[in-house]
Amino acid sequence: MKLPKAYQPQQYESDIYALWEKSGAFRPSDAKTSYSIVIPPPNANGNLHIGHVLTGALEDIAARFHRAKGESVLFLPGSDHAGFETQSVYEKQLAKAGKSRFDFSRDELYNQIWDFVALNRDNVQSQMRSMGLSCDWQHFTFTLDSKIVKRAFETFKSLWDDGLIYRGERLVNFCTYHGTAFADIEVIHKEEPGHLWYIRYPLVGSSDSLIVATTRPETMLGDTAVAVNPDDKRYQKYIGKTVKLPLTNREIPVLSDSFVDMNFGTGAVKITPAHDINDFEVGKRHDLPFISVIDYEGKMTNVHSKYLGLSVEEARKLVVDDLKEQGSLVKVEKHKHSVGHCYKCDTVIQPLLREQWFVDIDKLAKEAIAVLEKNKITFYPEAKKQQLISYLNGLHDWNISRQIAWGIPIPAFQNVDNPSDWIYDESVNQEIITIEGKTYRRDSDVFDTWFSSSSWPYATLDFPSSAEFKKFYPLSLMETGGEILYPWVSRMLMLGLYVTKDIPFKSVYIHGYVMAEDGSKMSKSVGNVIDPIPVIKQFGSDAVRMGIIWGRSPAVNRGYDQRRVEEARNFCNKLWNIARYIEGVDSNQLNRGETKAVTEADNWILNKLSVVMVNMLSNMDSYRFSEVFEELYHFVWDDFADWYIEASKINPNKPLLDYLLESTLIMLHPFAPFVTEAIWQTLNIDSGSILATKTFNEMLSYDKNKAKQFDKIQSLVAEVRSTMKLLGTNKADLYFEDSKLLAVNQDLIKRLAKVQKVNEGRGGSLKLNNSAFRCWLSVDQAVTVKYASELKAKQVKLNELISQLDNRLSNKAYVSKAPERLVEQTKNQLNQAKHELETIADEILRFKAN
RNA sequence: GGGUGAUUAGCUCAGUUGGCUAGAGCACCGCGUUUACACCGCGGGUGUCGGGGGUUCAAGUCCCUCAUCACCCACCA
């Protein structure tokens, strides 16, 4: 025997992966039909976690499945520089060494992070190999590779040329700790308890005053107006008047704007255009001055010297104290409100004025929505499509400037003598350039990561003219997690449509999260992140993959469950032992040479196999990974091992066993690539070939009637088994009458049903009533008493069923409206139940007579 | 404030266009050692499909409503 008793994954996995790579098994073939997946690149800065097994396994299953269908598959791996994410990780390291980013220039920092990332990149790749991912490593792409950078530049340029990019001074979400701006989506809003301060603003030239309510009193130092609703009768007389801003000498206008909610606070709102997004809009509409009173470090600026340089919190306290002292503070209420925080360091995000590059989103979003509404892209689950549409509908212009070092520099230069003169230039390795005698300075900012990664589906394929782009674009599948539906999927769609004039992918599959075992979210700070590598070492890569995808539906979060992994490990071993059994079957047995079905069982298993194959093809088309796996699992374990192999011990058909094993290995390979290949190689099935490149077997023909005969044998066996268990005996003989099928299969039934003898002819004291045959069991008189009570219970149940079926059939509406086959089926059931009931009634009478 | 999803066996969850007496794995109970496998085999399920209402011949599945939980989005000063 070449196969040892149990499958030991550790002994095979790395050799097998090396074999695959060496043989070029993962290179796209020449086949015309193509299938493509580009991996959502994991961060290059750390380790993969167990969630990556889910995403990787799903992609790999799809890739291997399509390879087995004979398609040319491109499964492209990559890793992500992950701009700000990675910089924060690196900054934490710096902090440990007692340094900070301010100790270095941006270029120095960039180079350091480059080295830091390079250390980790191989690690991630080797982890992906451990998971068995069948990626084409020759296509490996890093998000700072020149083709990705070049694509970002060109996209920026064409957006600029088309007037879809502008530089503007707008309010941005600014983290004063990290010193950079964020897109709206990167800000985490939290509901927090706060206060509502009511402040009196006296009218100029009158003893009257207006009272405004605010949650951020310190920003009053930057107020440039007070606004009321034009329909608010209380305040109409004040519109156009002027109030005096307390704590300052400034006088500011009272104006009307319909954005003001008459029912909130006092109905009069202080307007701080430089520090509040609504106020900013009001300021623009009414042409107000913009006074920044908070700087990029979160300190007070442009204010009276007593507040200058204070933090926002300190200033708030002092302003409130001063207002109180002045008598301007009318009252304070407790108030819950939503506050934006940096998603990385939790610092309160300040809306600050800053010049940034913005993408005008309107047209891009509209086109994306149109494509979605026309169902050009299939979503799994479908609900995600509608969510994406809603998101796109509410999208604001997109700030793509980041004030960090780690990222792709923005290829724009500013005229040092004329700040409004910006030009596009790709010489970003220079800080200063001279063109036509004018000196320009490079924008020191870098692109938002999502701006460059939006091109991932086509930049990786060398858009626009490569053969690969033509063959593999749009991608067949974008498989990713729900957390990046908005930041990434939406942008790949918008910019993909803009750049390539085509959808970037045909399907989007959103997986759920692998939660911790108790159902909570895995997080580094809680320390409940599961590292897949030790689990793979313990149970094998296949077991972890199958254990994780098993029973998971798209977009449903679910805890990691090690028991599933153990079960999957057992399943690998089951498969191993099926192979081991077949290996040991004497090849000089019957039917040597010709692969065809002979017995009822042979036909039956071929029928099962073809049903599984058909279902697999259709279910994989709609990415029902778990259903496909579960069906294969039950085919292998229940049908193949428990029934067919057991039956084949009576009538061995070695060529058919070989065929079944081969077909099963091919079908299961996408789910369990290592163990299937290990068996394939060890037994040298199909001399020297590699399973990973095999296509599905042709289905053998079989006789459906013969297959059905085995169903009958199966149910007889099941009835004998359960009856004997019920009686608590393992010693019984089976008698039968009038059945050629049973006569031929006496040995088989004896073995499967575990009776002592099978005899043709009348005999035995206990009639079986479920099966399609006239059969009796001979058992001791003593145990039949127990059986009688069981029969009575069965009688009750059958009566219930019969009346149910009777009712259904006497319902005219059912008979006339339900499909014919259902009505027919119901009739058959009724007849069968009645027949069974009669048999049981006879038996009960007989027992009474005894 | 808006939106989405969930609620099915002790546990974790399937159940696609409505259609067999609603399933899987685990757990649990019993029996078992036979040409592979104890990481095994055989047998064992009385579930108000969250509550209520509706549509239909037929509802776990479609509609309405209520309850609970989870997540997402949002500029109420």
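When reading the values below, keep in mind they use all heavy atoms of this one structure, side chains included, and skip hydrogens, waters and symmetry mates. Below, read A as the first sequence line, B as the second, and so on, with proteins coming before strands; counting in each chain starts at 1.
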Undergrad: Taking only heavy atoms on the protein side, list every residue of residues 575-583 of chain A lying under 4.0 Å from any atom of RNA chain B, sorted numerically.
TA: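 A:Asn577, A:Ile578, A:Arg580, A:Tyr581 - these, ordered by number, are the residues of the stretch whose heavy atoms sit under 4.0 Å from the strand.
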Undergrad: Could you tell me which residues satisfy side-chain contact (heavy atoms from CB on, under 4.5 Å) with A:Ala543, sequence neighbours excluded, listed by chain and number?
TA: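 Checked A:Ala543 against side-chain contact (heavy atoms from CB on, under 4.5 Å); matches are A:Phe539, A:Val565, A:Ala568, A:Arg569.
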Undergrad: At less than 4.0 Å, is any side-chain N or O atom of A:Ser626 found next to OP1 or OP2 of B:A14? Yes or no.
TA: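 False: A:Ser626 side-chain N/O out of range (4.0 Å or more) of B:A14 OP1/OP2.
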Undergrad: Taking OP1 and OP2 of B:A58, is either one under 4.0 Å from a side-chain nitrogen or oxygen of A:Asn811?
TA: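 It does not, given that no N or O in the side chain of A:Asn811 lies less than 4.0 Å from OP1 or OP2 of B:A58.
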Undergrad: Check if the side chain of A:Lys725 and the base of B:C31 share a donor-acceptor pair of N or O atoms closer than 3.5 Å.
TA: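 Yes, a donor-acceptor pair under 3.5 Å.
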Undergrad: Compile the donor-acceptor pairs under 3.5 Å between side chains in residues 631-641 of chain A and protein atoms, sequence neighbours left out, one pair per line.
TA:
residue	atom	partner	partner atom	Å
A:Glu631	OE2	A:Asn615	ND2	2.7
A:His634	ND1	A:Asp638	OD2	3.0

Undergrad: Sequence neighbours excluded, which residues qualify as side-chain contact (heavy atoms from CB on, under 4.5 Å) partners of A:Leu801?
TA: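 Result, side-chain contact (heavy atoms from CB on, under 4.5 Å) vs A:Leu801: A:Gln804, A:Leu805, A:Ala833.
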Undergrad: Reading nucleotides 70-77 of chain B from the 5' end, what letters show protein touch, with B for base, S for backbone sugar-phosphate only, - for no heavy atom under 4.0 Å?
TA: --SS-BBB
Undergrad: Between A:Arg808 and B:U21, does any side-chain N or O lie under 4.0 Å from OP1 or OP2?
TA: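 For B:U21, OP1/OP2 do have a side-chain N/O of A:Arg808 under 4.0 Å.
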Undergrad: List the residues meeting side-chain hydrogen bond (donor to acceptor under 3.5 Å, both in side chains) with A:Asn577, not counting sequence neighbours, and say none if there are none.
TA: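 A:Asn577 satisfies side-chain hydrogen bond (donor to acceptor under 3.5 Å, both in side chains) with no residue once adjacent residues are dropped.
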Undergrad: Got a sec, which residues hit side-chain contact (heavy atoms from CB on, under 4.5 Å) with A:Val339, two or more places apart in sequence or on another chain?
TA: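 Listed in chain order: A:Glu192, A:His337, A:His341, A:Val348.
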Undergrad: Is any side-chain nitrogen or oxygen of A:Lys754 closer than 4.0 Å to OP1 or OP2 of B:G41?
TA: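 No, outside the criterion.
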Undergrad: For RNA chain B, what is the dot-bracket line, given that a base pair needs Watson-Crick (N1 to N3, plus N6-O4 or O6-N4) or G-U wobble (N1-O2 and O6-N3) geometry with both distances under 3.5 Å, and | means paired with another strand?
TA: (((((((..((((.....[...)))).(((((.......))))).....(((((..]....))))))))))))....
Undergrad: Got a sec, which pairs hit salt bridge (charged side-chain N to carboxylate O under 4.0 Å, His left out) with one end in residues 575-585 of chain A, sequence neighbours left out?
TA: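 Passing the test, one end in residues 575-585 of chain A: no pairs.
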Undergrad: Among residues two or more places apart or on two chains, list those pairs meeting side-chain hydrogen bond (donor to acceptor under 3.5 Å, both in side chains) that have a residue in residues 807-826 of chain A.
TA: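 Counting only pairs at least two positions apart or across chains, the side-chain hydrogen bond (donor to acceptor under 3.5 Å, both in side chains) contacts touching residues 807-826 of chain A are A:Tyr814-A:Thr826.
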Undergrad: Does A:Asp518 have any side-chain contact (heavy atoms from CB on, under 4.5 Å) partners at least two apart in sequence or in another chain, and if so, which?
TA: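 Checked A:Asp518 against side-chain contact (heavy atoms from CB on, under 4.5 Å); matches are A:Ala516, A:Ser520.
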Undergrad: Which salt bridge (charged side-chain N to carboxylate O under 4.0 Å, His left out) pairs, counting each pair once, include a residue from residues 544-563 of chain A, with sequence neighbours left out?
TA: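 Residue pairs passing salt bridge (charged side-chain N to carboxylate O under 4.0 Å, His left out), neighbours aside: A:Asp60-A:Arg545, A:Asp561-A:Arg563.
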Undergrad: Donor-acceptor check, side chain of A:Asp542 to backbone of A:Val675, threshold 3.5 angstrom: yes or no?
TA: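 Yes, because the side chain of A:Asp542 sits within donor-acceptor range (under 3.5 Å) of the backbone of A:Val675.
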Undergrad: Taking only N and O in the side chain of A:Trp637, is any of them less than 4.0 Å away from OP1 or OP2 of B:G41?
TA: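 So the side-chain polar atoms of A:Trp637 do come within 4.0 Å of the phosphate oxygens OP1 or OP2 of B:G41, strictly under.
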Undergrad: Once you apply a heavy-atom cut-off of 4.0 Å, does A:Arg751 come out as touching a base, just sugar-phosphate, or nothing?
TA: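 It contacts base atoms.
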